[in-house]
Amino acid sequence: MCKIINSSRNMDVISIKDFSKKKIENFLVESEKMFEYLKNNTVPKVMQDKILGTLFFEPSTRTRLSFTSAMYKLGGQVLGFGSTESSSISKGENLTDTIKVVENYCDLFTIRHPEEGAARYIADITDKPVINCGDGGNQHPTQTILDLYSIQKLKGKIEGLNVALLGDLKHARVMKSLASALCMFKANLRLISPVGLEIGPNTLNDLKKFNTDIFETNNIKEGLKNVDVIYVCRIQKERFDDVYDAQRLQREFRLKLDHLTNINKDLIILHALPKITEISPEIDNTPYAKYFEQVYYGIPVRMAILNMVVE
Ligand code: NCD
């Protein structure tokens, strides 16, 4: 059976920065237990009397469906919406009222919202546990736990690895969350972005506090020297003022096969997905591409998160 890790009544998962390294390690250990339960078909139905509310005010495929699948596998049930058009938000209902209503129908929430800070706000107005599935360009903590789990699983460790984060580092919540966690786990960072889409001085200063080796560049080839992991994210077009600028960068800033000459043969390439044009399609067929394996790990990791939040 699952071990009870957190005995507090209401644990929220809002920002990866709210957790100690020890706590994140607990998430990874519990995720591995779920991985084994899934493999052996012995998943404990610990959510049998629980209902998960999935309120997604922004599009999602993996995060919403993997939480749904994780909940079903643990014996629980799911309700909610995947777009605001199908809820009373489209009639003008405000966020507070929506939460105050839906909290009557479910035992915990998974929330995705376009505004930074929305998940924290919701956690403040409800007594039900809240899991942030992305708030604007700010945080995506469950993706980060899944990314750490994937790196640990595929590389056997995190500490000391050279990890390149490549793409739109200014707007991607996936990258901001992951960068903090990687520094906490003592990985070295290569931050590779187009000009103008750097991670930004505030985040960079936060990262530097962990005293790991951090190197910023706008040149893909230069940034990929001696890396163990390349983590790619798409240009976050929906967060641009100028959509043509986003489209130009989608064409210009891409990981191509010829970037992978002279690389470490054990290299792995990860991506939170969806991928659009930022990875050339031939790379999908190389042994380095691990993003579809990474997707599978979303199930055990989210099962572990659900269990730990409720316990
Ligand atoms: C990411 C997101 O929504 O932030 N997707 C995901 O959750 N797997 C990445 C992205 O949209 O680029």
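Being a predicted model, the structure only gives us computed values, none of them experimental. Counting convention: from 1, in listed order, for ligands and their atoms alike.
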Taking only residues two or more places apart in sequence or in another chain, which ones pass ring pair (Phe, Tyr, Trp, His ring centres under 6.0 Å) with His171?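 For His171, the residues satisfying ring pair (Phe, Tyr, Trp, His ring centres under 6.0 Å) (neighbours in sequence not counted) are Phe240.
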
Got a list of side-chain donor-acceptor pairs under 3.5 Å for residues 194-203, not counting sequence neighbours?
from: Glu198; atom 1: OE1; to: Gly196; atom 2: N; distance (Å): 3.0
from: Glu198; atom 1: OE2; to: Gly196; atom 2: N; distance (Å): 3.3
from: Glu198; atom 1: OE2; to: Asn218; atom 2: ND2; distance (Å): 2.9

Between CZ on residue Phe56 and OG1 on residue Thr61, distance to nearest 0.5 Å: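 Atom-to-atom, Phe56:CZ and Thr61:OG1 are 10.5 Å apart.
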
Return the protein residues near ligand 1 (heavy atom under 4.0 Å from any of its atoms), ordered by chain and residue number.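 Ligand 1 is contacted, at a heavy-atom distance under 4.0 Å, by Arg62, Thr63, Arg112, His140, Gln143, Arg173, Val174, Arg234, Gln236, Ala272, Leu273, Pro274.
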
So which pairs with a foot in residues 69-90 pass ring-ring contact (aromatic ring centres under 6.0 Å, His included), sequence neighbours left out?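 For residues 69-90: Phe57-Phe81.
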
Got a salt bridge between Asp97 and Lys100, using NZ or NE/NH1/NH2 to carboxylate O under 4.0 Å?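 Salt bridge flag = no for Lys100 with Asp97.
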
How far apart are the C-alpha atoms of Arg112 and Arg64, what are their side-chain angles, what is the distance that settles it, and do they pass the side-chain contact (heavy atoms from CB on, under 4.5 Å) test? CA-CA 9 Å; Arg112 171 170 287 184; Arg64 190 168 66 88; over 6 Å; no

